[in-house]
Novice: 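Below you'll find the structure I mean.
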Amino acid sequence: KQVDETYIMIKPDGVQRGLVGEIISRFERKGFKLTGLKLFQCPKELAEEHYKDLSSKPFFPSLIEYITSGPVVCMAWEGVGIVPSARKLIGATNPLQAEPGTIRGDLAVQTGRNVVHGSDSPENGKREIGERL
Ligand code: DAT
Ligand code: MG
């Protein structure tokens, strides 16, 4: 079967709260393979590019401020079906709607502090990995 790849980013709150090991563990325990990792201070321009689809939203300025507020952990992960599977492990965008057992469901309460990003398509995953790692 075709092996897929996705881009996972631990957001500044996840790093600051000491959740890096916990989040990496969840992907490792699932059986996915870590193929790239870096601690990174995201420049404002790259944050704006990363979230360009949301640029007209009222929360866009605070989203950019949040993502650039401290170091993030950029990762590439590989595995069969990993793009949708990683999104399942991460849980719903609003942590209050995320199921228990998911990263956001277990570790977060606010949409604006939802600890982790996962690519929403294989194409975006490839692009995000290429641009950040
Ligand atoms: P996801 O991160 O689950 O892919 P998304 O791509 O729709 O969700 O949005 C990207 C990020 O933008 C999300 O993780 C947090 C922020 N965001 C989305 N909707 C929001 C809202 N209604 N209020 C505040 N922040 C929001
Ligand atoms: Mg998204």
Side-chain angles (χ1 to χ4, degrees):
K1 237 184 155 187
Q2 157 103 39
V3 174
D4 308 302
E5 61 179 359
T6 197
Y7 174 71
I8 302 294
M9 177 183 73
I10 304 175
K11 298 181 181 182
D13 54 327
V15 176
Q16 198 267 328
R17 290 173 58 202
L19 299 175
V20 173
E22 161 84 33
I23 292 168
I24 289 176
S25 280
R26 289 177 179 230
F27 287 95
E28 288 180 330
R29 280 152 59 205
K30 178 71 177 170
F32 293 138
K33 183 180 169 190
L34 181 63
T35 58
L37 178 144
K38 123 177 146 185
L39 191 67
F40 181 62
Q41 174 64 53
C42 187
K44 190 162 185 261
E45 300 66 43
L46 184 59
E48 287 170 347
E49 198 278 328
H50 179 82
Y51 285 123
K52 61 178 181 298
D53 295 350
L54 300 170
S55 60
S56 62
K57 303 282 186 186
F59 58 80
F60 187 70
S62 61
L63 175 61
I64 299 307
E65 195 178 344
Y66 161 50
I67 291 300
T68 58
S69 67
V72 297
V73 173
C74 306
M75 297 180 285
W77 287 87
E78 191 176 277
V80 173
I82 194 169
V83 175
S85 179
R87 300 271 297 181
K88 265 194 194 160
L89 292 178
I90 289 170
T93 303
N94 180 345
L96 295 182
Q97 266 134 42
E99 294 295 334
T102 65
I103 294 169
R104 288 168 174 167
D106 290 347
L107 304 175
V109 286
Q110 286 184 60
T111 303
R113 293 287 182 273
N114 62 8
V115 303
V116 65
H117 162 84
S119 307
D120 57 12
S121 70
E123 300 70 45
N124 282 337
K126 265 199 172 46
R127 186 177 52 76
E128 290 168 354
I129 289 167
E131 287 169 0
R132 323 271 195 282
L133 283 156

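This chain uses plain numbering: 1 for the first residue, then up along the sequence. Remember, it's 1-based here, ligands and their atoms both numbered in the order they're listed.
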Novice: Out of curiosity, Met75 CE to Glu128 CD, how far, rounded to the nearest 0.5 Å?
Specialist: 12.5 Å

Novice: When rounded to the nearest 0.5 angstrom, what is the spacing between CZ in Arg87 and OG in Ser85?
Specialist: 12.0 Å

Novice: Where is the nearest protein heavy atom to atom 11 (C) of ligand 1: which residue, which atom, and how far?
Specialist: Tyr51 CE2, 3.8 Å

Novice: Would Lys38 count as a cation-pi partner of Phe40, with NZ or CZ less than 6.0 Å from the six-membered ring centre and within 45° of the ring normal?
Specialist: yes

Novice: What atoms of ligand 1 come within less than 4.0 Å of a heavy atom belonging to Arg87?
Specialist: 1 (P), 4 (O)

Novice: Within ligand 1, which atoms have a heavy atom of Asn114 less than 4.0 Å away?
Specialist: 13 (C), 14 (O), 15 (C)

Novice: Looking at every heavy atom in both Val80 and Asp4, which two are closest together, and how far apart are they?
Specialist: C-OD2, 3.9 Å

Novice: Can you list every ring-ring contact (aromatic ring centres under 6.0 Å, His included) pair that touches residues 6-29, not counting sequence neighbours?
Specialist: Tyr7-His117, Phe27-Trp77

Novice: Is there a heavy atom of Lys57 sitting under 4.0 angstrom from any atom of ligand 1?
Specialist: no

Novice: Using a strict 4.0 Å cut-off to heavy atoms of Leu54, name the atoms of ligand 1 that fall inside it.
Specialist: 9 (O), 10 (C), 12 (O)

Novice: Is it the case that more than 12 heavy atoms not belonging to Glu28 sit under 6.0 Å from its CD atom?
Specialist: yes

Novice: Can you list the ligand 1 atoms lying under 4.0 Å from a non-hydrogen atom of Leu63?
Specialist: 12 (O), 16 (C)

Novice: Counting only heavy atoms, which portion of Arg104 has something under 4.0 Å from ligand 1: side chain, backbone, both, or neither?
Specialist: side chain

Novice: Counting only non-hydrogen atoms of the protein, does one fall under 4.0 Å from atom 22 (N) of ligand 1?
Specialist: yes

Novice: Nearest heavy-atom pair of Ile64 and Lys44: which atoms, and what distance?
Specialist: CG2-CG, 3.9 Å

Novice: Can you tell me which residue and heavy atom of the protein come closest to atom 18 (C) of ligand 1, and the distance to 0.1 Å?
Specialist: Phe59 CZ, 3.6 Å

Novice: Salt bridge check: are Glu22 and Arg17 linked by an N-O gap of less than 4.0 Å?
Specialist: no

Novice: Hey, is Lys11 touching ligand 1 through its side chain, its backbone, both or neither, going by heavy atoms under 4.0 Å?
Specialist: side chain

Novice: Can you list the atoms of ligand 1 that are under 4.0 Å from a heavy atom of Thr93?
Specialist: 1 (P), 3 (O), 8 (O), 13 (C)

Novice: Measuring from non-hydrogen atoms of Thr111 to any atom of ligand 1, is the shortest distance under 4.0 Å?
Specialist: yes

